[in-house]
Amino acid sequence: MASGERKLWLFKSEPFVFSIDDLAAAKGKRTCWEGVRNYQVRNMLRDEIKKGDGILFYHSRVDPMVIAGTAEVVKEGYPDHHAFDLDHKYFDAKSKPDTPTWYMVDIVLKQVFKNPVTRDQLKGDSGTAEMKLLSKGSRLSITPVTEAEWNAVHQLAGVKLK
DNA sequence: GCCAACGTTGGC
DNA sequence: GCCAACGTTGGC
């Protein structure tokens, strides 16, 4: 895929549930992004997020809150089978295998930032201050990111982009 | 179909 | 721990 076609996203995770270090320790540094139970985010997972898309990995609800690194989509939207599993914490009776309600994607770790970018840095930098992540009331666990924001985040992290 | 009550998210 | 901003639920 040509790099110009890829989209960019920010995925939020509470690091005490699943951190970028957990991703680094996972088999193949890969995981399924499970448990999304919000329709707007579901639609993104099902329809918009494609293989090869770039991901900023954000740690929420910790001090400090940071963009901890990057990942990439390796498998696009497919049914979240945990919703079918009666014993699983993400079980949802309204989601059926032939008409799944919930979706997930698989991601693989790309880079752990040596200098994670804090939320305060994002707010203070003109290149990132407009990110959807920072907008008041935005509680979505996945938000789109522009190429310019992606570049600005890498600059703040002290990472050179090719 | 409206909307009040309730539950959850997540920054502060 | 607080609470604003949402999303969902359920009575009518």
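Order of the sequence lines sets the chain letters (A, B, ...), proteins ahead of strands, with each chain counted from 1. Predicted model, so just to flag it, every value in this text is computed and none were measured. These numbers come from the heavy atoms of this one structure, side chains and all, not from hydrogens, waters or symmetry mates.
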In whole angstroms, how far is the P atom of dG11(B) from the CG atom of L10(A)?
10 Å

Could you work out, with ring-ring contact (aromatic ring centres under 6.0 Å, His included) as the rule, every residue matching Y103(A), not counting sequence neighbours?
none

Run the side-chain donor-acceptor check on residues 119-128 of chain A: report pairs under 3.5 Å with partners two or more places apart or on a different chain.
unit_1	atom_1	unit_2	atom_2	d
R119(A)	NH1	Y58(A)	OH	3.0
Q121(A)	OE1	T118(A)	N	2.9
Q121(A)	OE1	T118(A)	OG1	3.4
D125(A)	OD1	G127(A)	N	2.7
T128(A)	OG1	L122(A)	O	2.7
T128(A)	OG1	D125(A)	O	3.4

Can you classify the ring geometry of F57(A) versus F18(A) as parallel (below 30°), tilted (30 to 60°) or perpendicular (above 60°)?
tilted

Contacts of T101(A) meeting side chain to side chain donor-acceptor pair (under 3.5 Å) (sequence neighbours excluded), chain-then-number -> none

Residues two or more places apart in sequence or in another chain: which of them pass side chain to side chain contact (heavy atoms under 4.5 Å, CB included) with T146(A)?
A148(A), E149(A)

Rounded distance in Å - CG (L133(A)) to C1' (dT9(B)):
13 Å

For every nucleotide of nucleotides 1-8 of chain C, 5' to 3': is a protein heavy atom under 4.0 Å from its base (B), only from its sugar-phosphate (S), or from neither (-)?
----BBSS

Partners meeting side chain to side chain contact (heavy atoms under 4.5 Å, CB included) with V159(A) (sequence neighbours left out):
Q111(A), F113(A), H154(A), A157(A)

Just N and O in the side chain of K12(A): are any of them under 4.0 Å from OP1 or OP2 of dT9(B)?
no

Nearest-Å distance, CZ (F16(A)) to C1' (dT9(B))?
11 Å

